[in-house]
Number of protein chains: 2
Amino acid sequence: MLWERPIRDLSITSIMNGTGLSRPAFYQYFSNVHNLVEQLLADLEVELVTAAMPWFTASGDSRAALRESLRGIIAVCVENGPVFRAISESAPLDARLEIAWAAFMGRWDAAVSDRIALEQKAGMIGPLDGSAISVALNRLDASTLVAEFGRRPQGDPKAVLGTLYHIWIKTLYTEPIAGFEGLDS
Amino acid sequence: MLWERPIRDLSITSIMNGTGLSRPAFYQYFSNVHNLVEQLLADLEVELVTAAMPWFTASGDSRAALRESLRGIIAVCVENGPVFRAISESAPLDARLEIAWAAFMGRWDAAVSDRIALEQKAGMIGPLDGSAISVALNRLDASTLVAEFGRRPQGDPKAVLGTLYHIWIKTLYTEPIAGFEGLDS
DNA sequence: GATTATACTGACACTTTGTCAGTACTGCTG
DNA sequence: CAGCAGTACTGACAAAGTGTCAGTATAATC
């Protein structure tokens, strides 16, 4: 249904109209619409984490692995974009869902941050605030994926991959540039 | 009010309770809550555009100007974070507001894209898809600003500046890295 | 001081939500 | 097969919020 209509039009009434069951039957399975969305998030996270494995477990060429991970994540979103969009757009509307979303993103932040720390130790990534950069890059990914694949017409997966890869690679794997380090105020 | 409660708790009823006026009086000025938010967006855009001027009009050191623009935008969000957050979170809930938000972001995308094209012509920025990169960087900024300054406790403006500046600079102003150009599939 | 526009209100109809008592159907057990 | 759970489901209700409208104050203008 999410392919057809935005989440804002999905009342319990309209959802149950499509099922042949009565509206109260909905409450047999979910406590409200946000709770339903919360379950969708749990399912989607499994798929995304699986798709993202390459970079997190890479031992050789971690740039190629990063590209592979991004490609996988994008593929999942090409398939489930509207679900991802519905989740991210619903999150601010419900306290519980907001917490679940924050936890979901927090796990990505931690995983990316750990990976960066690991590669920094190995000398593959230079000195940078891996924790803060992780949060930013993950938010970049989330908002890009939602915007590009959350509705039809979807964006071009290859183009999105190119863009995200560019930003990730440059951010993580390039030398510090002159005049950057130590700037403040 | 947005400092205290998230947008989801802001019904017309609760808004008007704070004013001493009756609920229908609200409709004297706005057609609904989303319309109110739409007006907030218009006001905020003016402030943000002003704050962002340095980079868009820079003639000398455009990296320093970029830093200045980011600092300005962050300063505006430190002051108006919850408003910005309310707007971005409400956008998916209303067709009109969604369009207004898309137009708002679209103007940033166009401005950044133009600036990149300009600096590419001047040889300051290398070959990259300025249009796609602009969209991504702007979404990065928006989601970061909302997350960091949209509620209390707010993030540290300096840290956020450092992170965003790092990503923007590396993305736009570093040399192409080996193995990046021409990768596809 | 009369007139006209503006600001505002009480009350109504409508929509959606969550709940609950109660019905129908299922499978199990003696 | 009768009786008894346990599950799946429903109709009806109360509560909360929305948008509208006829109508009343209040202020501004001539």
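Every chain is numbered from 1 and lettered A, B, ... according to where its sequence line falls, protein lines coming before strand lines.
Across the protein-nucleic acid pair, L21(B) atom CG and dT6(C) atom C1' stand 14 Å apart, rounded to whole Å. The nearest whole Å value for the distance from the CG atom in L93(B) to the P atom in dT18(D) is 13 Å. In this structure, the CG atom of L10(A) is 15 Å from the C1' atom of dT17(C), given to the nearest Å. Residue D9(A) contributes atom CG, which lies 14 Å from atom C1' of dT16(C) at whole-angstrom precision. In this entry the distance linking CE of M16(A) with P of dT17(C) reads 12 Å, nearest Å.
When the nucleotides dA11(C), dT17(C), dC8(C) are ranked by their closest atom to the side chain of I12(A), dT17(C) comes out on top. The nucleotide whose nearest atom lies closest to any side-chain atom of S22(A) is, among dT20(D), dT9(C), dT10(D), dT10(D).
Side-chain contact check for L10(A) versus V33(A): every heavy-atom pair is 4.5 Å or farther apart. The shortest distance between side-chain heavy atoms of L137(B) and I167(A) falls below 4.5 Å. Between F26(B) and L36(B) there is a side-chain heavy-atom pair separated by less than 4.5 Å. Contact check for H34(B) versus L93(B): side-chain heavy atoms found under the 4.5 Å cut-off.
Listed by residue number, Y27(A), N32(A) are the residues of residues 25-41 of chain A with a heavy-atom contact under 4.0 Å to DNA chain C.
For M53(A), the CE atom sits in a loose shell: 12 or fewer heavy atoms of surrounding residues, nucleotides or ligands are nearer than 6.0 Å.
Salt bridge annotation for R85(B)-E148(B): absent, with no cationic side-chain nitrogen under 4.0 angstrom from a carboxylate oxygen. Look at E98(A) and R151(B) and you find a salt bridge, because one of the NZ, NE, NH1 or NH2 atoms lies within 4.0 Å of a carboxylate O, short of that distance.
The base of dG11(D) is not paired with the side chain of R23(A) by any donor and acceptor separated by under 3.5 Å.
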Below 3.5 Å between N/O atoms, which protein atoms pair up with nucleotides 21-26 of chain D? Just atom names and distances, please.
none

Identify all side-chain donor-acceptor contacts of residues 100-113 of chain B below 3.5 Å with residues at least two apart in sequence or on another chain.
unit_1	atom_1	unit_2	atom_2	d
R107(B)	NE	E45(B)	OE2	2.7
R107(B)	NH2	E45(B)	OE1	2.9
R107(B)	NH2	E45(B)	OE2	3.4
D109(B)	OD1	N138(B)	ND2	2.8

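Side-chain contact check for Y29(B) and Q39(B): no donor-acceptor pair (N or O, by modelled atom type) lies under 3.5 Å.
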